[in-house]
Asks: 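Below are the structure tokens for one structure; questions will follow.
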There are 2 protein chains.
Amino acid sequence: MHKPKRTPKGRRSADSGERAYKAIRKQLVEFKLKPDQRINEMALAKSLGVSRTPIREALNRLASEGFIALTPNRGFFFKALDIDALLDLYELRAMIECGAFTLMCERASDAERDRLKDFWDGVKADYRERDPDDILVLDEGFHLLIAELSGNPEIVNQLKAINARIRFIRRIQIQHVSHDFDMVNTHSQIVDAAMKRDVAAGTALLKSHIEMTVSGAQRALKDALLNVYMEKSDSSSGRRASRPR
Amino acid sequence: MHKPKRTPKGRRSADSGERAYKAIRKQLVEFKLKPDQRINEMALAKSLGVSRTPIREALNRLASEGFIALTPNRGFFFKALDIDALLDLYELRAMIECGAFTLMCERASDAERDRLKDFWDGVKADYRERDPDDILVLDEGFHLLIAELSGNPEIVNQLKAINARIRFIRRIQIQHVSHDFDMVNTHSQIVDAAMKRDVAAGTALLKSHIEMTVSGAQRALKDALLNVYMEKSDSSSGRRASRPR
DNA sequence: GTCAAGAAAAGTGTAGACAATTGTGCAGAC
DNA sequence: GTCTGCACAATTGTCTACACTTTTCTTGAC
């Protein structure tokens, strides 16, 4: 009695809409498609082994989230995240995070703000030794926790949506370890400001923290675009072929 | 050149997905559905004269935008906009608009800021005499123009999305004309601050302007919910039966 | 009368087919 | 050689059908 849901052949097994959404978003986030490239629904459907219906559902969701654009009767296009859009998103992110920090200082209880401190104390020691994927998760987690402690779920949602769109760049950026050190330090300072409910210090730190990463992000994006246009069809280099995770 | 798109019979004419989206959103925005009510796709499809496919597309979009929620295998539910969510959205809106104002002061040229002044000068005279629908459009337009002048299109998008979700409440609120007067006055003061690039004054005005409307919005929401639960199924009153448009 | 279990009904999730539109290539005019 | 039409191919938008899941209804035990 271990789930009688046998899957005799290639029959419907799970929520393929959700799977399609995640798979496609992964491709977008990793720049598997070229900017402004048309997205072929049938090709996607075949490659994921489902029909066009869940594909279209996923594409519609992605369009709502700003990843892709829909032109009537011509289909979906991968919306290039150009430098301008990147700056805009970072700017919006800084704005929202500063607001969240302010609200947190005004409203979060001591116990709640302790959660932020505990979180950061728990990871800061070996933060720099972790691999980039972990760092990304932890960094997003840190900033999201501030958003949560603001007590405003809408802020959390917005921040999550923004994070998804800039995640790929941040991922590259983290590999360029240049200012990793500052990050650890700055996060600690932000925690200190939070414990003291020091709005001015915290927002100033956040603002410069995020804005400082912008120049790095620009470089990362340039690299990414270069890679995309250089074409990855030369399968010669298996640099990251057998990545364990 | 008046669109040669004839529609011989009941044949597929235009993008029914878009029409469905707008129609459904209108129903949501106007609280035609009860909070937490399950949305029946087939019924919607029949009432709009299309199949379930464009309906589902529209529902997915609306779910991405936060209007409704999707529970797997159980369908879409109208997400009640309760008092808390309303406050959260107003808070987020204030945060974003203050940020937009700041950016506008930093970056918009004199000519651009003149656009704001011209816009407001053009409508403020007979602002209070207009009907509520016009006022709503003008008010949203005023605030959106600030967002546009920030030079950050992502801010504009966010603000539009938020506006859509609180539009119904604002519409009711405007009818309760109580603080209409303050609105005209405050908008003028905001324009003044913008012309002087006075960030502190402008953001303070915006913040209190938006927060001041919160209490009104709360009352409006209470009224709306009351109406919804009082039921409109008594078709005796044809109050808005033959509404021309 | 209440509750439980099972059957029937209703509804969602996905597939596949067709209609409408857009894109492409070929033939012929100039 | 280039351009204009026109047929044909590719692709999107929508519909219908059906499998699976959830909900409702019915029936019978207690």
Side-chain angles (χ1 to χ4, degrees), chain A residues 1-25 27-28 33-34 36-64 67-79, chain B residues 1 3-24 27-28 33-34 36-64 67-79:
Chain A
M1 208 258 255
H2 60 91
K3 241 185 244 170
K5 167 200 290 184
R6 72 273 153 74
T7 306
K9 282 182 189 172
R11 92 92 157 278
R12 174 186 321 166
S13 63
D15 187 9
S16 37
E18 188 64 19
R19 277 191 309 124
Y21 170 77
K22 289 196 173 133
I24 298 170
R25 198 174 81 162
Q27 292 190 16
L28 296 174
L33 284 77
K34 289 208 189 80
D36 290 325
Q37 183 176 343
R38 187 171 183 171
I39 296 172
N40 188 313
E41 298 174 8
M42 280 194 292
L44 258 180
K46 257 209 303 200
S47 83
L48 294 178
V50 296
S51 83
R52 278 175 55 222
T53 308
I55 297 290
R56 283 181 65 85
E57 227 156 78
L59 291 174
N60 271 298
R61 283 175 63 185
L62 290 164
S64 289
F67 280 105
I68 59 182
L70 171 60
T71 309
N73 284 322
R74 304 205 338 113
F76 294 90
F77 292 79
F78 178 38
K79 230 163 101 181
Chain B
M1 207 257 256
K3 244 185 237 169
K5 163 200 291 186
R6 74 270 154 71
T7 305
K9 283 183 187 171
R11 93 91 157 279
R12 178 185 316 166
S13 62
D15 188 8
S16 37
E18 188 64 20
R19 279 192 307 122
Y21 170 77
K22 288 192 176 137
I24 298 170
Q27 292 191 16
L28 295 175
L33 285 77
K34 290 208 190 79
D36 290 325
Q37 183 176 343
R38 186 171 185 170
I39 297 173
N40 188 314
E41 298 174 9
M42 283 194 287
L44 258 180
K46 258 210 301 203
S47 81
L48 294 178
V50 296
S51 84
R52 279 174 53 220
T53 307
I55 297 290
R56 282 182 65 85
E57 229 157 76
L59 291 175
N60 272 297
R61 284 175 62 186
L62 291 165
S64 290
F67 279 105
I68 59 182
L70 171 60
T71 309
N73 284 321
R74 304 203 340 112
F76 294 91
F77 292 78
F78 178 39
K79 231 164 99 182

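To find a chain, count down the sequence lines: A is the first, B the second, and so on, and within it residues start at 1. Everything numeric in this text was worked out from a predicted model, so none of it was measured.
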Asks: What pair of heavy atoms forms the shortest contact from A/Ala20 to A/Pro54, and how long is it?
Replies: CB-O, 4.2 Å
Asks: Counting any heavy atom closer than 4.0 Å, what does A/Arg56 reach on the DNA or RNA strands: base, sugar-phosphate only, or nothing?
Replies: base
Asks: For B/Glu18, check side-chain hydrogen bond (donor to acceptor under 3.5 Å, both in side chains) against everything at least two apart and list the hits.
Replies: B/Arg61
Asks: Give a yes/no on whether any side-chain N or O of A/Ser51 is located under 4.0 angstrom from OP1 or OP2 of C/dA15.
Replies: yes
Asks: Heavy atoms only, 4.0 Å cut-off, all strands: where does B/Leu59 land among base, sugar-phosphate and nothing?
Replies: nothing
Asks: To the nearest Å, give me how far apart CG (A/Asn60) and C1' (D/dG13) are.
Replies: 11 Å
Asks: Which heavy-atom pair separates B/Phe77 from B/Asp36 by the least distance, and what is that distance?
Replies: CD2-O, 3.6 Å
Asks: Taking atom CG of B/Asn60 and atom CG of A/Leu59, what is their separation to the nearest 0.5 Å?
Replies: 11.0 Å
Asks: Quick one: which of D/dG13, C/dT14, D/dT21 gets closest to the side chain of A/Pro54?
Replies: C/dT14
Asks: Taking atom C1' of C/dG13 as reference, at what distance in whole Å does atom CD1 of B/Ile55 sit?
Replies: 16 Å
Asks: Atom CZ of B/Arg61 to atom C1' of D/dG13: distance rounded to whole Å?
Replies: 14 Å
Asks: What's the CG-P distance between A/Asn73 and D/dA10, to the nearest Å?
Replies: 19 Å
Asks: At a heavy-atom distance below 4.0 Å, what parts of residues 40-50 of chain B sit against DNA chain C?
Replies: B/Asn40, B/Glu41, B/Met42
Asks: According to a strict under-4.0 Å criterion, is A/Ser16 in side-chain N/O contact with OP1 or OP2 of C/dT14?
Replies: yes
Asks: Can you name the nearest heavy-atom pair linking A/Phe67 to A/Phe78, along with the distance?
Replies: O-CD1, 3.9 Å
Asks: Return the minimal non-hydrogen interatomic distance between B/Ile24 and B/Ala58, and the atom names on each side.
Replies: CD1-CB, 3.9 Å
Asks: Could you tell me the separation between the CG atom of A/Leu70 and the C1' atom of D/dG13, rounded to a whole number of Å?
Replies: 10 Å
Asks: Any donor-acceptor pair, under 3.5 Å, between the side chain of B/Arg52 and the base of C/dG11, if you only look at N and O atoms?
Replies: no
Asks: Side chains of residues 38-49 of chain A: which donor-acceptor pairs under 3.5 Å do they make with residues two or more places apart or in other chains?
Replies:
from    : atom 1 : to      : atom 2 : distance (Å)
A/Arg38 : NE     : A/Arg74 : O      : 3.0
A/Arg38 : NH2    : A/Arg74 : O      : 3.1
A/Asn40 : OD1    : A/Met42 : N      : 2.9
A/Asn40 : OD1    : A/Ala43 : N      : 3.1
A/Glu41 : OE1    : A/Arg52 : NE     : 3.0
A/Glu41 : OE1    : A/Arg52 : NH2    : 3.1
A/Glu41 : OE1    : A/Arg56 : NH1    : 3.4
A/Glu41 : OE2    : A/Arg56 : NH1    : 2.9
A/Ser47 : OG     : A/Leu44 : O      : 3.0

Asks: Rounded to the nearest angstrom, tell me the gap between atom CD1 in A/Ile39 and atom P in D/dT12.
Replies: 10 Å
Asks: Whole-Å distance between C/dT22 C1' and A/Phe76 CZ?
Replies: 16 Å
